[in-house]
Participant: 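One structure follows; several queries about it will come next.
All of these numbers come straight from a predicted model, not from anything done at the bench.
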Amino acid sequence: MDGEPAGHAKYDVKKAHRGLYAPGAGDFVLVDVPPMQYLAVDGHGDPNTAPQYGIAVEALFGTAYAVKFASKRMSGRDFVVAPLEGLWWADDPASFSARRKDEWSWRLLIHQPDWIDQAAVAAAVEATRAKRENPALDRLRLERLHEGQSAQILHVGPYDAEAPTLARLHDEWMPGRGLTFAGPHHEIYLSDARRTAPERLRTVLRQPVRRAAGADAAL
């Protein structure tokens with residue numbers, strides 16, 4: 001569970017859970033992801049061209065900052081707004097390696113400290129709506145996610161260059177350890193794509209896993 005440092009110092013999930021937000025880029029590692037809560041918005045389609053993607057990102061960050069400021073003002077508990085994250089899935093998993101992005105479904109996420117509750121999010125949504133109407137606010141919710149055992153790695157470079165790393169994970173690393181999929185592909189965007197050169201983008205690639213049926217390999 002997320003907590004606060006002594007004296008109500010500013011909470012930062014990247015420091016509180018460093019092992020989940022700062023993996024190495026050399027090889028995949030197994031981590032145990034505890035239950036964590038997020039602001040969440042679902043959508044579908046190519047993130048580069050689907051209008052609802054940008055609208056969802058705007059709604060998430062607007063609400064995340066509204067939650068942060070209200071928390072600091074009303075309770076003295078402050079926190080660093082977490083990076084954007086995303087769950088990705090498709091009816092045909094091959095659409096990811098083939099980069100058929102119009103077939104992708106996604107759930108965009110921003111982590112929230114455990115002291116933030118549904119009432120705080122509802123108030124923040126209305127405060128955000130008062131500044132600028134956004135249809136994605138109607139779909140925004142506070143959601144708890146427990147991924148458990150997961151394989152992850154740091155990817156440095158353009159998003160479209162992730163395919164070889166994911167192919168190695170899916171076709172070699174996981175089968176070689178008797179593992180299979182236990183949830184959607186998860187990405188954590190540590191860099192601001194608007195201000196970072198594509199070759200320097202830093203993205204955590206995470207895949208929840210479980211023992212494959214009939215597998216002998218130990219986790």
Side-chain angles (χ1 to χ4, degrees), residues 1-22 31-44 47 50-89 105-148 150 152 183-195 203-204 206 208:
M1 301 289 282
D2 298 336
E4 293 173 89
H8 282 181
K10 184 180 290 188
Y11 174 78
D12 186 345
V13 68
K14 299 188 302 299
K15 295 179 179 178
H17 293 283
R18 191 176 300 276
L20 303 181
Y21 285 82
V31 295
D32 188 15
V33 185
M36 303 177 80
Q37 66 174 6
Y38 304 84
L39 299 178
V41 178
D42 291 356
H44 181 84
Q52 61 175 305
Y53 185 88
I55 291 171
V57 172
E58 183 179 283
L60 278 174
F61 275 106
T63 303
Y65 277 99
V67 170
K68 166 190 166 67
F69 295 141
S71 176
K72 184 176 181 179
R73 182 178 67 252
M74 298 176 66
S75 69
R77 292 172 163 179
D78 195 8
F79 61 92
V80 176
V81 171
L84 182 69
E85 308 188 29
L87 304 181
W88 299 85
W89 65 95
S105 293
W106 38 264
R107 178 170 301 153
L108 297 181
L109 310 164
I110 295 181
H111 169 75
Q112 298 295 290
D114 274 349
W115 71 79
I116 301 302
D117 58 17
Q118 296 283 356
V121 172
V125 165
E126 293 311 309
T128 305
R129 195 193 309 274
K131 293 181 179 179
R132 183 175 179 179
E133 183 58 49
N134 182 321
L137 291 170
D138 295 333
R139 307 195 307 276
L140 192 150
R141 62 195 183 278
L142 185 65
E143 178 174 297
R144 200 159 189 83
L145 179 65
H146 186 194
E147 292 177 296
S150 301
Q152 65 177 34
H185 172 64
H186 188 159
E187 298 192 351
I188 302 173
Y189 306 104
L190 300 176
S191 306
D192 185 341
R194 300 169 300 175
R195 299 180 174 89
T203 308
V204 178
R206 179 186 297 165

Participant: With a 4.5 Å limit on heavy-atom distance, are the side chains of Pro34 and Leu20 in contact?
Facilitator: yes

Participant: Under 4.5 Å between any side-chain heavy atoms of Arg144 and Asp114, yes or no?
Facilitator: yes

Participant: Would you mind checking if Asp12 and Arg18 are paired as a salt bridge, meaning a charged N to carboxylate O distance below 4.0 Å?
Facilitator: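 Looking at Asp12 together with Arg18, the answer is no, because their closest N to O distance does not fall below 4.0 Å.
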
Participant: Please test Lys68 against Phe79 for side chain to side chain contact (heavy atoms under 4.5 Å, CB included), starting from the C-alpha separation and ending with a verdict.
Facilitator: CA-CA 6 Å; Lys68 166 190 166 67; Phe79 61 92; 3.6 Å; yes

Participant: Hey, could you give me the CE/CG distance between Met36 and Leu145, rounded to the nearest 0.5 Å?
Facilitator: 9.0 Å

Participant: Identify the heavy atoms of Val67 and Ala120 that sit nearest to each other, and give their distance.
Facilitator: CG2-O, 4.3 Å

Participant: Can you name the closest pair of heavy atoms from Trp89 and Pro184 and give their distance?
Facilitator: CE3-CB, 4.2 Å

Participant: Under the ring pair (Phe, Tyr, Trp, His ring centres under 6.0 Å) test, which residues partner Tyr21, sequence neighbours left out?
Facilitator: none

Participant: Indicate the ring-plane relationship of His111 and Tyr11, choosing parallel, tilted or perpendicular according to the 30° and 60° boundaries.
Facilitator: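 It falls in the tilted class, 30° to 60°.
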
Participant: Looking only at atom types and distance, does a side-chain atom of Thr63 sit under 3.5 Å from a main-chain N or O of Val125, one as donor and one as acceptor?
Facilitator: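 No; zero donor-acceptor contacts below 3.5 Å.
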
Participant: Test of understanding: with side-chain contact (heavy atoms from CB on, under 4.5 Å), list the residues that count as partners of Thr203, not counting sequence neighbours.
Facilitator: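 Checked Thr203 against side-chain contact (heavy atoms from CB on, under 4.5 Å); matches are Tyr159, Glu162, Glu187, Tyr189, Leu205.
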
Participant: Using the test side-chain hydrogen bond (donor to acceptor under 3.5 Å, both in side chains), find all partners of Arg195 that sit at least two apart in sequence or belong to another chain.
Facilitator: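 Counting only residues at least two positions away or on another chain, Arg195 forms a side-chain hydrogen bond (donor to acceptor under 3.5 Å, both in side chains) with Asp192.
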
Participant: Once side-chain contact (heavy atoms from CB on, under 4.5 Å) is applied, do any residues pair with Ala40, and if so which ones, sequence neighbours excluded?
Facilitator: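 For Ala40, the residues satisfying side-chain contact (heavy atoms from CB on, under 4.5 Å) (neighbours in sequence not counted) are Arg107, Leu109, Arg141, Glu143.
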
Participant: Do Leu140 and Asn134 have side-chain heavy atoms sitting under 4.5 Å apart?
Facilitator: no

Participant: For the atom pair NZ (Lys14) and CG (Leu190), what is the distance rounded to the nearest 0.5 Å?
Facilitator: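 These two atoms lie 8.0 Å from each other.
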
Participant: With heavy-atom distances below 4.5 Å as the criterion, would you say the side chains of Arg206 and Val33 are in contact?
Facilitator: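 Counting from C-beta outward, Arg206 and Val33 do come under 4.5 Å.
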
Participant: Looking only at heavy atoms, what is the nearest atom pair of Gly62 and Thr128, with distance?
Facilitator: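 Looking at all heavy atoms of both residues, the shortest contact is O-OG1, 3.3 Å.
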
Participant: State, to 0.1 Å, how close Ala136 and Ile55 come at their nearest heavy-atom pair, and which atoms those are.
Facilitator: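 Shortest heavy-atom contact: CB-CG2, 3.6 Å.
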
Participant: If you define the side chain from C-beta out and look only at heavy atoms, does anything of Leu108 sit under 4.5 Å from Tyr53?
Facilitator: yes

Participant: Do you know which two heavy atoms are closest between Leu137 and Ala59, and how far apart they sit?
Facilitator: CD2-CB, 3.8 Å

Participant: Taking C-beta and beyond as the side chain, do Arg139 and Gln52 meet within less than 4.5 Å on heavy atoms?
Facilitator: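 Yes. Closest side-chain heavy atoms under 4.5 Å.
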
Participant: Under the salt bridge (charged side-chain N to carboxylate O under 4.0 Å, His left out) test, which residues partner Asp117, sequence neighbours left out?
Facilitator: none

Participant: What are the two closest non-hydrogen atoms of Leu142 and Gln37, and how far apart are they?
Facilitator: CD2-OE1, 3.6 Å

Participant: Who are the salt bridge (charged side-chain N to carboxylate O under 4.0 Å, His left out) partners of Arg73, not counting sequence neighbours?
Facilitator: none

Participant: Rounded to the nearest 0.5 Å, how far does CH2 of Trp106 lie from CD of Glu85?
Facilitator: 15.5 Å

